[in-house]
Student: 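The structure's right below; bear with me while I get my questions together.
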Amino acid sequence: MAFVRDKIMEMLSLAIAPLLESANNPSLIPPSIELTTPKATQHGDYATNAAMTLTRVLKRNPREIAGEIIAHLEDTHGILERTEIAGPGFINFFVKPQAWLGILHEILTDPLHYGRQNLGLGKRVQVEFVSANPTGPLHIGHGRGAATGDVLARILSACGYLVDREYYINDAGNQMNTLGASLYYRYQELLKESVEFPEGHYQGEYMKELAREFFEEVGERYSKVPLEEALPHFSRYTGERILKGIQEDLDAFGIRFDNWFSEQGLHDAGVIEKTIEELREKGYIYEHEGATWFRSTEFGDEKDRVVVRANGISTYFAADLAYHKNKFSRNYDLLVDIWGADHHGYMERMLAGIQAMGRNRRDLQIILVQLVNLLRGGKPVAMSTRAGEFVTLKEVVDEVGKDAARYIFLTRRSDSPLDFDLDLAKTQSNENPVFYVQYAHARLCRVFEVARERGFSFQWSPLQMEECMQRLNLPQEAMLLKMLGEYPATLASSARSLEPHQIPYYLHELVSNFHSYYNQNRILGDDFQLSKARLCLAAAVKEVIANALHLLGVDAPHRM
RNA sequence: GCGCCCGUAGCUCAGCUGGAUAGAGCGUCGGACUUCGAAUCCGCAGGCCGCAGGUUCGAAUCCUGCCGGGCGUACCA
């Protein structure tokens with residue numbers, strides 16, 4: 001109960017309890033209490049709409065209820081300056097400036113741990129993301145999915161979930177043969193004058209490069225070998241090489257997976273048939289016009305879906321059903337799938353699938369990531385996936401750096417399309433959001449360097465600092481302390497709604513408050529006690545910035 | 001046709017489990033460096049929250065219809 005917010009929540013719950021009892025209706029579920037931070041300062045530091053939501057239950061006028069809540073409210077922690085009833089029935093809380101100081105203690109005793117909490121109660125979560133087909137290098141759109149999945153995993157982990165990251169490799173089916181054949185033709189091109197490159201194959205530049213490397217390894221050994229005979233080797237070789245490239249690109253982007261799951265493995269183990277049989281026993285499978293269907297309409301899908309085609313070959317969806325069944329069998333409480341938004345039409349059947357397996361619909365959360373419009377200097381960069389011409393994740397990371405790329409990917413809700421301007425991501429100016437935040441951190445580091453040069457030996461220790469912290473009584477200082485205190489709530493909200501973008505928004509606001517404070521006030525001055533106090537505050541701001549950046553997988557530089 | 005997502009400041013977007021006067025960045029214009037990093041800060045301007053109804057004490061937020069945009073709509077993966 002260290003934070004002001006928690007203390008008020010606690011006091012408020014206690015004050016409301018007697019009102020609910022007096023309502024003489026034990027079946028009543030207490031409405032969820034909301035404690036918001038009002039935009040306007042005259043509305044206090046915190047406000048609750050509790051009285052208004054209680055009108056429905058208690059059938060009385062909200063201002064009257066608010067009065068009773070306040071009457072029952074005991075300021076056991078001695079943190080409230082005053083409370084008031086305002087507007088239609090808000091209760092506004094005005095916090096004593098001194099009450100905020102406890103946050104410094106909280107942050108500085110264990111900076112990296114600050115904000116961590118046990119929201120997840122140790123529940124096991126799997127986040128599956130990227131899962132791009134191993135038929136070519138990752139492009140920029142995959143990068144956004146990668147950043148989203150990775151940061152979501154970090155956030156959930158910080159909030160007390162046990163998280164695994166997984167990549168599903170679509171290494172089964174005909175596309176791997178097509179891939180192998182593509183290499184075969186490019187290889188033949190290197191040996192002969194001209195080769196007809198057939199339609200529908202992977203014709204990107206990366207395949208030509210791969211062919212050259214392959215040629216250097218094997219020479220002309222396969223020049224006379226017919227396609228059918230060479231194909232298995234070519235397919236395996238291409239698949240492995242491309243997957244390796246994907247792994248390297250992700251590594252450079254700061255992303256590691258706990259598990260790489262092969263679709264082919266499901267086929268080999270016969271789990272797909274088994275899954276279909278299990279669903280058949282439950283009555284969700286039927287035959288129609290030579291094909292085998294899954295009754296997904298049972299769970300709200302608009303039509304039933306084919307799992308085994310009339311030609312006897314199972315569909316991709318069938319493998320996905322088996323895959324998700326496998327995930328649940330590994331004892332995850334919650335599955336998070338990160339998909340490209342163009343797959344949204346697939347959602348309902350997948351949700352139907354897990355419900356048919358006896359799972360709750362909520363046990364699978366599907367996050368849709370919208371596409372990235374790549375710009376350069378404000379103008380769209382032409383991309384055509386069909387012709388195999390696209391800007392790869394590697395190119396972007398090489399050009400703008402991991403930090404800028406990750407940060408920009410996360411500055412929007414994932415289901416909103418994103419404009420990514422390569423020039424802007426590189427400019428080291430105020431147009432670039434990541435530098436704004438990193439600059440604040442570097443600036444703070446510099447303050448501590450200067451402090452040392454001037455003989456301040458800043459070392460956090462609660463007893464020593466408590467006295468001078470009382471000097472922090474500027475409104476701006478209270479504001480900063482309060483924002484620092486809101487970090488855990490922001491993290492929790494981000495985890496609950498599975499929305500990583502809340503972190504960059506919080507960071508920007510915190511940093512903006514800091515820059516403003518910094519420009520108006522001097523941290524190091526003639527007043528030794530005051531300087532010491534402000535160094536405490538500065539240290540806390542620096543730590544929370546670093547903490548949040550770390551959560552985003554972005555560096556917090558000491559110099560820029 | 002049907003389904004999903006989206007229409008908020010000139011531009012790009014937050015805010016959406018209903019709450020007080022709708023916010024930020026960029027851009028425009030005007031200010032602040034003898035002082036810890038001006039990659040910063042301060043200020044001005046900018047809005048029928050796509051349109052029309054409905055529910056409510058209260059709607060950008062929920063419901064319905066319409067208009068406009070994106071995506072999906074395979075016995076492809």
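Protein chains get the first letters and strands the later ones, always in sequence-line order, with residue 1 at the start of each.
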Student: Which residues pass the side chain to side chain donor-acceptor pair (under 3.5 Å) test with A:Glu166, sequence neighbours left out?
Tutor: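 If we apply the side chain to side chain donor-acceptor pair (under 3.5 Å) test to A:Glu166, skipping adjacent residues, the hits are A:Gln126, A:Asn259, A:Tyr323, A:Arg330.
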Student: Under the side chain to side chain donor-acceptor pair (under 3.5 Å) rule, collect the residues that match up with A:Arg63, sequence neighbours excluded.
Tutor: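 In terms of side chain to side chain donor-acceptor pair (under 3.5 Å), with neighbours along the sequence ignored, A:Arg63 is linked to no residue.
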Student: What's the gap between B:U64 and B:U21 when it is taken at their P atoms, as a whole Å value?
Tutor: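 My reading of the P atoms in B:U64 and B:U21 gives 28 Å.
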Student: Distance criterion of 3.5 Å, no angle test: do you see the side chain of A:Asn92 paired donor-to-acceptor with the base of B:A20?
Tutor: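 Check passes, donor-acceptor contact within cut-off.
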Student: Can you pull the salt bridge (charged side-chain N to carboxylate O under 4.0 Å, His left out) pairs that have at least one residue in residues 432-451 of chain A, sequence neighbours excluded?
Tutor: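 For residues 432-451 of chain A, and leaving out neighbouring residues, the salt bridge (charged side-chain N to carboxylate O under 4.0 Å, His left out) pairs sorted by first residue read A:Arg446-A:Glu449, A:Arg446-A:Glu453, A:Glu449-A:Arg559.
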Student: Which residues satisfy the ring-ring contact (aromatic ring centres under 6.0 Å, His included) test with A:Phe93, sequence neighbours excluded?
Tutor: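 ring-ring contact (aromatic ring centres under 6.0 Å, His included) check on A:Phe93 returns nothing, list empty.
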Student: Given the structure, check if the side chain of A:His508 and the base of B:A24 hold any donor-acceptor pair shorter than 3.5 Å.
Tutor: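 Counting by modelled atom types and ignoring angles, no donor-acceptor contact under 3.5 Å is found here.
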Student: Which pairs count as salt bridge (charged side-chain N to carboxylate O under 4.0 Å, His left out) when at least one residue sits in residues 499-521 of chain A, sequence neighbours excluded?
Tutor: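 Counting only pairs at least two positions apart or across chains, the salt bridge (charged side-chain N to carboxylate O under 4.0 Å, His left out) contacts touching residues 499-521 of chain A are A:Arg413-A:Glu499.
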Student: What is the distance, to the nearest angstrom, from the CD atom on A:Gln42 to the P atom on B:A20?
Tutor: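 One finds 12 Å between P of B:A20 and CD of A:Gln42, rounded.
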Student: Can you name the atoms? Protein N/O to nucleotides 57-62 of chain B N/O, anything below 3.5 Å, with the distance.
Tutor:
| from | atom 1 | to | atom 2 | distance (Å) |
| --- | --- | --- | --- | --- |
| B:G58 | O6 | A:Arg56 | NH2 | 2.7 |

Student: A:Tyr316 and A:Asn170: side chain to side chain contact (heavy atoms under 4.5 Å, CB included), yes or no, with the steps?
Tutor: CA-CA 9 Å; A:Tyr316 176 84; A:Asn170 301 128; 3.4 Å; yes
Student: Distances for protein N/O vs nucleotides 74-77 of chain B N/O pairs under 3.5 angstrom?
Tutor:
| from | atom 1 | to | atom 2 | distance (Å) |
| --- | --- | --- | --- | --- |
| B:C75 | O2 | A:Ala310 | N | 2.6 |
| B:C75 | N4 | A:Glu289 | O | 2.9 |
| B:C76 | OP2 | A:Arg309 | NE | 2.5 |
| B:C76 | OP2 | A:Arg309 | NH1 | 2.3 |
| B:A77 | OP1 | A:Arg309 | NH2 | 2.6 |
| B:A77 | OP2 | A:Tyr316 | N | 3.1 |
| B:A77 | O2' | A:Asn133 | ND2 | 3.3 |
| B:A77 | O2' | A:Gln175 | OE1 | 3.2 |
| B:A77 | O2' | A:Gln175 | NE2 | 3.4 |

Student: Would you mind telling me which of B:U40, B:A20, B:U73 lies closest to the side-chain atoms of A:Ala86?
Tutor: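 Among B:U40, B:A20, B:U73, the one nearest the side chain of A:Ala86 is B:A20.
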Student: Do the side chains of A:Arg412 and A:Asp419 get close enough for a salt bridge, i.e. N-O under 4.0 angstrom?
Tutor: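 No, no charged N to carboxylate O under 4.0 Å.
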Student: Give the B/S/- string for nucleotides 4-12 of chain B, one per nucleotide from 5' to 3', where a protein heavy atom under 4.0 Å of the base yields B, of only the sugar-phosphate yields S, and otherwise -.
Tutor: B-------S
Student: Not counting sequence neighbours, which residues clear side chain to side chain donor-acceptor pair (under 3.5 Å) with A:Asn92? List them please.
Tutor: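 By the side chain to side chain donor-acceptor pair (under 3.5 Å) rule, A:Asn92 matches A:Glu84.
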Student: Does this structure show an ion pair linking A:Asp320 with A:Arg349, if we count only N-O contacts that are shorter than 4.0 Å?
Tutor: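 A salt bridge is absent here (no side-chain N lies under 4.0 Å from a carboxylate O).
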Student: Any salt bridge (charged side-chain N to carboxylate O under 4.0 Å, His left out) pairs touching residues 529-538 of chain A, not counting sequence neighbours?
Tutor: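 Residue pairs with at least one partner in residues 529-538 of chain A: A:Glu477-A:Arg534.
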Student: Decide, yes or no, whether a salt bridge links A:Arg376 with A:Asp421 under the criterion of side-chain N to carboxylate O below 4.0 Å.
Tutor: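 Salt bridge flag = no for A:Asp421 with A:Arg376.
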Student: Go nucleotide by nucleotide along RNA chain B from the 5' end; which of A:Thr411 and A:Val511 gets its closest nucleotide reached first?
Tutor: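 Going by which nucleotide is closer to the 5' end, it is A:Thr411.
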Student: Does a side chain donor of either A:Ser296 or A:Glu348 reach within less than 3.5 Å of an acceptor in the other side chain?
Tutor: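 No, because no side-chain N or O of A:Ser296 sits under 3.5 Å from a partner of the opposite role on A:Glu348.
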Student: Name all stems that contain residues of RNA chain B, defined as runs of 3 or more consecutive Watson-Crick or G-U wobble pairs, both distances under 3.5 Å.
Tutor: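 Correct response: B:1-5 with B:69-73, B:10-13 with B:23-26, B:29-32 with B:40-43, B:50-54 with B:62-66.
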Student: My understanding is that only residues two or more places apart in sequence, or in another chain, count here; which of them pass side chain to side chain donor-acceptor pair (under 3.5 Å) with A:Thr297?
Tutor: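 Partners of A:Thr297 under the side chain to side chain donor-acceptor pair (under 3.5 Å) test: A:Asp304.
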